[in-house]
Undergrad: 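I'd like to ask some things about the structure below.
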Amino acid sequence: QVQLVESGGGLVQAGGSLRLSCAASGRTFSSFPMGWFRQAPGKERDFVASISRRGLTTNYVDSVKGRFTISRDNAKNTVYLQMDSLKPEDTAVYYCAATDLVLGTPAQADNYNYWGQGTQVTLSS
């Protein structure tokens with residue numbers, strides 16, 4: 001009953017920036033935590049960042065701390081991932097996720113029960 005659609009992916013040079021967006025519809029957006037995950041070719045899906053219902057608390061995997069920023073605008077039913085100082089190892093399909101199973105800022109994929117279709121982020125050079 002929650003639909004998520006990611007956008008903003010593309011090809012970007014190492015050291016560059018990109019902002020991903022995730023638009024939500026269906027149930028009340030502010031009722032659940034949101035997260036970003038990524039899956040590189042041949043790899044398992046990995047946690048990137050999460051944010052609490054009102055956006056007051058955030059959680060990041062160590063490898064993106066200081067480079068990525070997750071935020072949300074509940075009035076626009078949208079969550080964002082601002083990615084700066086991008087590295088080749090950031091290349092992946094990025095997925096937006098939501099959950100009505102738990103609160104806080106979950107980092108485990110199976111804590112989320114709603115997923116977007118993914119958007120490709122590719123680093124060059």
Side-chain angles (χ1 to χ4, degrees):
Q1 201 168 16
V2 175
Q3 297 174 338
L4 305 173
V5 179
E6 303 97 332
S7 63
L11 179 66
V12 61
Q13 287 186 320
S17 297
L18 210 58
R19 188 178 77 161
L20 306 183
S21 298
C22 175
S25 63
R27 298 175 64 180
T28 304
F29 180 69
S30 62
S31 293
F32 34 74
M34 302 287 293
W36 287 97
F37 291 76
R38 63 188 180 186
Q39 187 167 19
K43 303 291 186 179
E44 295 184 351
R45 187 169 50 192
D46 194 16
F47 169 75
V48 177
S50 57
I51 188 166
S52 61
R53 295 183 298 172
R54 295 192 59 81
L56 300 177
T57 308
T58 57
N59 190 14
Y60 300 91
V61 65
D62 285 344
S63 61
V64 309
K65 287 181 178 177
R67 299 191 299 120
F68 291 11
T69 303
I70 188 171
S71 62
R72 68 191 298 163
D73 186 340
N74 288 348
K76 296 181 178 179
N77 295 330
T78 303
V79 63
Y80 305 95
L81 185 67
Q82 177 67 44
M83 304 185 293
D84 299 321
S85 301
L86 283 160
K87 302 176 179 181
E89 54 262 41
D90 295 320
T91 294
V93 176
Y94 283 70
Y95 296 92
C96 177
T99 180
D100 60 4
L101 304 175
V102 298
L103 295 177
T105 54
Q108 188 171 309
D110 59 13
N111 281 336
Y112 293 84
N113 55 339
Y114 302 101
W115 294 85
Q117 83 290 343
T119 186
Q120 177 71 51
V121 173
T122 303
L123 277 295
S124 65
S125 183

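Values reported hereafter were calculated over all heavy atoms of this structure, with side chains retained and with hydrogens, waters and symmetry mates removed. This one's a predicted model, so the numbers in the text were calculated from it and none came from an experiment.
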Undergrad: Please list, chain by chain and in numerical order, all residues satisfying side-chain hydrogen bond (donor to acceptor under 3.5 Å, both in side chains) with Q39, sequence neighbours excluded.
TA: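 With sequence neighbours excluded, Q39 shows a side-chain hydrogen bond (donor to acceptor under 3.5 Å, both in side chains) to no residue whatsoever.
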Undergrad: According to side chain to side chain contact (heavy atoms under 4.5 Å, CB included), who are the partners of A14, at least two apart in sequence or on a separate chain?
TA: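 Partners of A14 under the side chain to side chain contact (heavy atoms under 4.5 Å, CB included) test: P88.
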Undergrad: Run the side-chain contact (heavy atoms from CB on, under 4.5 Å) check on T91 and L123 step by step: do they pass?
TA: CA-CA 6 Å; T91 294; L123 277 295; 3.4 Å; yes
Undergrad: Roughly how far, to the nearest 0.5 Å, is the OG atom of S124 from the CG atom of L86?
TA: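 The CG atom of L86 sits 10.5 Å away from the OG atom of S124.
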Undergrad: Using the salt bridge (Lys or Arg N to Asp or Glu O under 4.0 Å) criterion, which residues pair with D100? Sequence neighbours excluded.
TA: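 Once residues adjacent in sequence are excluded, the partners of D100 under the salt bridge (Lys or Arg N to Asp or Glu O under 4.0 Å) criterion are R27.
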Undergrad: Is there any side-chain hydrogen bond (donor to acceptor under 3.5 Å, both in side chains) pair reaching into residues 79-88, and which pairs are they, with sequence neighbours excluded?
TA: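 For residues 79-88, and leaving out neighbouring residues, the side-chain hydrogen bond (donor to acceptor under 3.5 Å, both in side chains) pairs sorted by first residue read S17-D84, Q82-D84.
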Undergrad: Going by ring pair (Phe, Tyr, Trp, His ring centres under 6.0 Å), name the pairs with one or both residues in residues 98-125, residues two or more places apart or in two chains.
TA: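 Qualifying pairs, neighbours excluded: F37-Y112, F37-W115.
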Undergrad: Please, which pairs that meet disulfide (SG to SG under 2.5 Å) have at least one residue in residues 37-93, sequence neighbours excluded?
TA: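 Qualifying pairs, neighbours excluded: none.
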Undergrad: Evaluate the side-chain proximity of T69 to L81: yes if any heavy-atom separation is below 4.5 Å, no if none is.
TA: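 Heavy-atom side-chain distance check fails, nothing below 4.5 Å.
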Undergrad: According to side-chain hydrogen bond (donor to acceptor under 3.5 Å, both in side chains), who are the partners of T122, at least two apart in sequence or on a separate chain?
TA: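 With sequence neighbours excluded, T122 shows a side-chain hydrogen bond (donor to acceptor under 3.5 Å, both in side chains) to Q120, given in chain and number order.
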Undergrad: Suppose the criterion is side-chain hydrogen bond (donor to acceptor under 3.5 Å, both in side chains): which pairs have a residue in residues 51-61, not counting sequence neighbours?
TA: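 Listed by first then second residue: nothing to list.
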Undergrad: Residues two or more places apart in sequence or in another chain: which of them pass side chain to side chain contact (heavy atoms under 4.5 Å, CB included) with S25?
TA: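 Partners of S25 under the side chain to side chain contact (heavy atoms under 4.5 Å, CB included) test: Q3.
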Undergrad: Applying salt bridge (Lys or Arg N to Asp or Glu O under 4.0 Å), which residue pairs with at least one partner in residues 112-125 are found, sequence neighbours left out?
TA: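 For residues 112-125, and leaving out neighbouring residues, there are no salt bridge (Lys or Arg N to Asp or Glu O under 4.0 Å) pairs at all.
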Undergrad: Roughly how far, to the nearest 0.5 Å, is the OG1 atom of T119 from the OH atom of Y95?
TA: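 These two atoms lie 10.0 Å from each other.
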Undergrad: For S63, check side chain to side chain contact (heavy atoms under 4.5 Å, CB included) against everything at least two apart and list the hits.
TA: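 Side chain to side chain contact (heavy atoms under 4.5 Å, CB included) check on S63 returns R38, V61.
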Undergrad: Name all pairs fulfilling the salt bridge (Lys or Arg N to Asp or Glu O under 4.0 Å) condition that reach into residues 56-83, sequence neighbours left out, sorted by first residue then second.
TA: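 For residues 56-83: D62-K65, R67-D90.
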Undergrad: So with a 6.0 Å cut-off around CD of E89, is the heavy-atom count from everything else above 12?
TA: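 Yes, the 6.0 Å shell around CD holds more than 12 heavy atoms from other groups.
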Undergrad: Using a 4.5 Å cut-off on heavy atoms from C-beta on, say whether the side chain of L4 contacts that of M34.
TA: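 Side chain of M34 against side chain of L4, heavy atoms only: contact under 4.5 Å found.
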Undergrad: If you take all heavy atoms of D110 and L101, which pair is closest and at what distance?
TA: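 Where D110 meets L101 most closely, the heavy atoms are O-CD1, 4.3 Å.
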Undergrad: Report the C-alpha distance between S50 and W36 in whole Å, list the side-chain angles of each, state the deciding distance to 0.1 Å, and finish with yes or no for side-chain contact (heavy atoms from CB on, under 4.5 Å).
TA: CA-CA 6 Å; S50 57; W36 287 97; over 6 Å; no
Undergrad: Is the shortest heavy-atom distance from the side chain of L20 to the side chain of E6 under 4.5 Å?
TA: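 No, every pair of side-chain atoms sits at 4.5 Å or beyond.
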Undergrad: List the atom of S71, the atom of V79, and the distance in Å for their closest heavy-atom pair.
TA: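 S71 and V79 have their closest heavy atoms at O-CG2, 3.0 Å.
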